[in-house]
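Taking it in order: structure first as structure tokens, then the write-up.
Because the structure is predicted, anything quoted here is derived from the model rather than measured.
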Amino acid sequence: MLTSADESFSHQLVAPAARTAHESPAWAERCYHLLHLGGAVVLHAGRAIYPHDGRRTGFAGLTTGDVQQVLRLAAPFAPGDDREDPTVGGLRIEAVRPLEAVRLILEEPGCPLAFDLTYEARFPPVATEPNRIERDGVVVTDYMNFFQSGLYSGTVALDGTEHQVRERAGFRDRGWGLRKHEGAPRRGLVVACFCELPDAALYAILYESSSGRRAFTNGWWIDAAGVAPITAVEHELEWDGTLLTGGALELETAGGRRRLELRVEGRLYLATAGYSADPERARPGGERHDVTRPEVVAALDGQNDNACAFELDDGRRGHGYVETGLGVHARYRPE
């Protein structure tokens, strides 16, 4: 089907602009923003478009360490609709200057969470290697991202309590493709580290099988001098069951090895934002949870964004996140 996008001089396939590499309802374009405001307070927000499934989605959530509040939103999408529309309900995430500045606004009637933030890039983005997974001859994942470090400024409010944010270093993720999206793996380990330092950013992502075999590694040291790919990552992680509590990563670049110590200060449970096999968590709605209660944590635990304090072996300190999903794993969670 031809649409107005076919007037654009940006085709990459010998096909209409609406065609994608995989004609699947799971094909999506996504953005994800994550901000550790300090201590246990963490905010995340994102939106997605599923052109073959006829829908847009969005979410925003915040944890104070005591309470986690989330809002999920959805809207229809029809062929020929504007793919660049930045709104889903009361959520707006708009690239006002591509690769440089993004505006994030949540103004949803009746929702106790609201924000108005501007993200401004502090380093160029880095692109992941495409991650392709086949099972029994069927492609279940064929996806890539770019990651970018930036500075967030503005306001975040929950239950009328406002947090002022001024040039706080944070992270954003932009991705597209086909991806199975059901939360933490039942078998294996997913670790994604996003460390913001005063003058640099250190990002790494890895997947391991249940035997501990490494299946995917990507990473970068990013500063004013440029981007240095990380060639190897080793981990010494500490857990309370499946909840990350601390540990260290050993990362190697052409410039040598670096040891990054981490201590978890707060935790966002991604299940409430749709990273779950529970179909109810894919539907629009709001949730509020008392995350001081062990039974609530046990019900939400899965794929988690762990807000961390970091320290490099040269004494530099930073903040950020380690996203984890732990299934059966020979080292950390044997069968």
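For Arg258 and Glu250, the salt-bridge test fails: no basic side-chain N is under 4.0 Å from an acidic carboxylate O. Between Arg103 and Asp116, at least one side-chain N (NZ, or NE/NH1/NH2) sits under 4.0 Å from a carboxylate O, which counts as a salt bridge. A salt bridge links Arg259 with Glu236; the closest basic N to acidic carboxylate O contact falls under 4.0 Å.
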*What do the steps show when you test Glu208 against Arg331 for salt bridge (Lys or Arg N to Asp or Glu O under 4.0 Å), and what is the final call?*
CA-CA 11 Å; Glu208 292 184 355; Arg331 181 176 178 184; over 6 Å; no
*Going through the distances and angles, do Arg92 and Glu107 end up as a salt bridge (Lys or Arg N to Asp or Glu O under 4.0 Å)?*
CA-CA 9 Å; Arg92 182 181 186 89; Glu107 296 177 329; over 6 Å; no
*Worked verdict on Tyr332 versus His235 for side chain to side chain donor-acceptor pair (under 3.5 Å)*: CA-CA 11 Å; Tyr332 296 126; His235 48 81; 2.7 Å; yes
_The test is side chain to side chain donor-acceptor pair (under 3.5 Å); show your working for Asp66 and Thr64 and say whether it passes._
CA-CA 5 Å; Asp66 296 323; Thr64 65; 4.6 Å; no
_side chain to side chain donor-acceptor pair (under 3.5 Å) assessment of His289 paired with Thr272_ = CA-CA 9 Å; His289 298 280; Thr272 63; 6.0 Å; no
*Step-by-step side-chain contact (heavy atoms from CB on, under 4.5 Å) determination, Val297 to Leu243*: CA-CA 9 Å; Val297 170; Leu243 298 174; 3.8 Å; yes
_Arg263 vs Glu265, test: salt bridge (Lys or Arg N to Asp or Glu O under 4.0 Å). Steps then yes/no._
CA-CA 6 Å; Arg263 184 183 76 257; Glu265 296 186 327; 3.1 Å; yes
*Can you check side chain to side chain donor-acceptor pair (under 3.5 Å) on Asp142 and His22, steps first, answer last?*
CA-CA 9 Å; Asp142 193 4; His22 302 280; 2.9 Å; yes
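Aromatic pair Phe147/Phe171: centroids less than 6.0 angstrom apart. Aromatic ring centres of His319 and Phe310: separated by at least 6.0 Å.
Atom CG of residue Leu71 and atom CG of residue Leu113 lie 7.5 Å apart, to the nearest 0.5 angstrom. Considering CG of Leu268 and CG of Leu34, their distance stands at 7.0 Å, rounded to 0.5 Å. The CD atom of Glu94 lies 8.5 Å from the CD1 atom of Ile105; values are rounded to the nearest 0.5 Å. Here the CZ-CG distance, from Arg333 to Leu326, works out to 6.0 Å after rounding to the nearest 0.5 Å. Note that CD of Glu108 is 9.0 Å distant from CG of Leu91, once rounded to the nearest 0.5 Å. Rounding to the nearest 0.5 Å places CG of Leu13 at 7.5 Å from CZ of Arg19.
The 12-atom threshold is exceeded at CD of Glu295, counting heavy atoms of other residues, nucleotides or ligands nearer than 6.0 Å. Enclosure of atom CD in Glu134 by more than 12 non-hydrogen atoms of other residues, nucleotides or ligands within 6.0 angstrom is indicated. Other residues, nucleotides and ligands place no more than 12 heavy atoms under 6.0 Å from the CZ atom of Arg317. Heavy-atom neighbours of Gln12 CD from other residues, nucleotides or ligands within 6.0 Å: at or below the threshold of 12.
The shortest side-chain heavy-atom distance between His11 and Asp6 falls under the 4.5 Å cut-off. Here the side chains of Thr20 and His52 are in contact, with some heavy-atom distance below 4.5 Å. Looking at heavy atoms from C-beta onward, Arg281 lies in side-chain contact with Glu287 at the 4.5 angstrom threshold.
Between the side chain of Thr253 and the main chain of Ile230, no donor-acceptor pair closer than 3.5 Å is present. Here the side chain of Glu100 pairs no donor or acceptor atom with the backbone of Ala121 at under 3.5 angstrom. The backbone N or O of Ile93 lies less than 3.5 Å from a partner atom in the side chain of Arg47, making a donor-acceptor pair. A donor-acceptor distance shorter than 3.5 angstrom exists from the side chain of Asp314 to the backbone of Arg316, with no hydrogens or angles considered. A side-chain donor-acceptor contact under 3.5 Å links Thr245 to the backbone of Glu238. Side-chain atoms of Asp81 come within 3.5 Å of backbone atoms of Ala78 as a donor-acceptor pair (strictly under, hydrogens ignored). A donor-acceptor contact shorter than 3.5 Å links the side chain of Ser276 to the backbone of Asp278. Put simply, the side chain of Arg135 never gets that close to the backbone of Val140: no donor and acceptor are under 3.5 Å apart. Between the Arg179 side chain and the Asn131 main chain, no donor and acceptor come within less than 3.5 Å of each other. Between the side chain of Asp223 and the backbone N or O of Ala225, at least one donor-acceptor pair lies under 3.5 Å.
Closest heavy-atom contact between Arg83 and Pro51: NH2-CB, 3.7 Å. Listed here is the closest heavy atom pair of Pro125 and Phe146: CB-CD1, 3.6 Å. His36 approaches Gly320 most closely through the heavy-atom pair ND1-O, 3.6 Å. Annotation for Pro185 and Gln303: closest pair CD-OE1, 4.0 Å, computed over non-hydrogen atoms. The minimum heavy-atom distance linking Leu35 with Tyr321 is given by the pair CA-OH, 3.6 Å. Residues Asn218 and Thr128 come closest through the heavy atom pair OD1-CA, 3.3 Å.
Between Tyr32 and Phe59, the ring planes are tilted. Angles from 30° to 60° get that label.
Each of Leu270, Ile205, Asn306 was checked for a side chain to side chain contact (heavy atoms under 4.5 Å, CB included) with Glu323, and the lone residue meeting it is Leu270. Of the residues Val41, Leu43, Leu104, the one that meets the side chain to side chain contact (heavy atoms under 4.5 Å, CB included) test with Val156 is Leu43.
Evaluation of the side chain to side chain contact (heavy atoms under 4.5 Å, CB included) rule for Ala224 yields no partner, not counting sequence neighbours.
Under a cutoff of 6.0 Å and an axis angle of 45°, Arg30 and Trp176 do not form a cation-pi pair.
Cluster annotation: Trp220 is not connected to Tyr143 through the hydrophobic network of ILVMFWY side chains, with a link wherever side-chain heavy atoms come within less than 4.5 Å. Linking Ile, Leu, Val, Met, Phe, Trp and Tyr whenever their side-chain heavy atoms come within less than 4.5 Å leaves Tyr269 and Trp239 in two separate clusters. At a threshold of 4.5 Å between side-chain heavy atoms, the hydrophobic network of Ile, Leu, Val, Met, Phe, Trp and Tyr places Leu151 and Tyr119 in two separate groups. If you chain together hydrophobic residues whose side chains sit under 4.5 Å apart, Val322 and Val233 fall into the same group. Tyr152 and Leu158 fall within the same hydrophobic cluster, defined by Ile, Leu, Val, Met, Phe, Trp and Tyr side-chain heavy atoms under 4.5 Å apart, directly or through other members.
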Under 3.5 Å, which donor-acceptor pairs link side chains of residues 188-197 to any protein atom two or more places apart or in another chain?
unit_1: Glu196; atom_1: OE1; unit_2: Arg122; atom_2: NH2; d: 3.0
unit_1: Glu196; atom_1: OE1; unit_2: Ser149; atom_2: OG; d: 2.6
unit_1: Glu196; atom_1: OE2; unit_2: Tyr203; atom_2: OH; d: 2.6

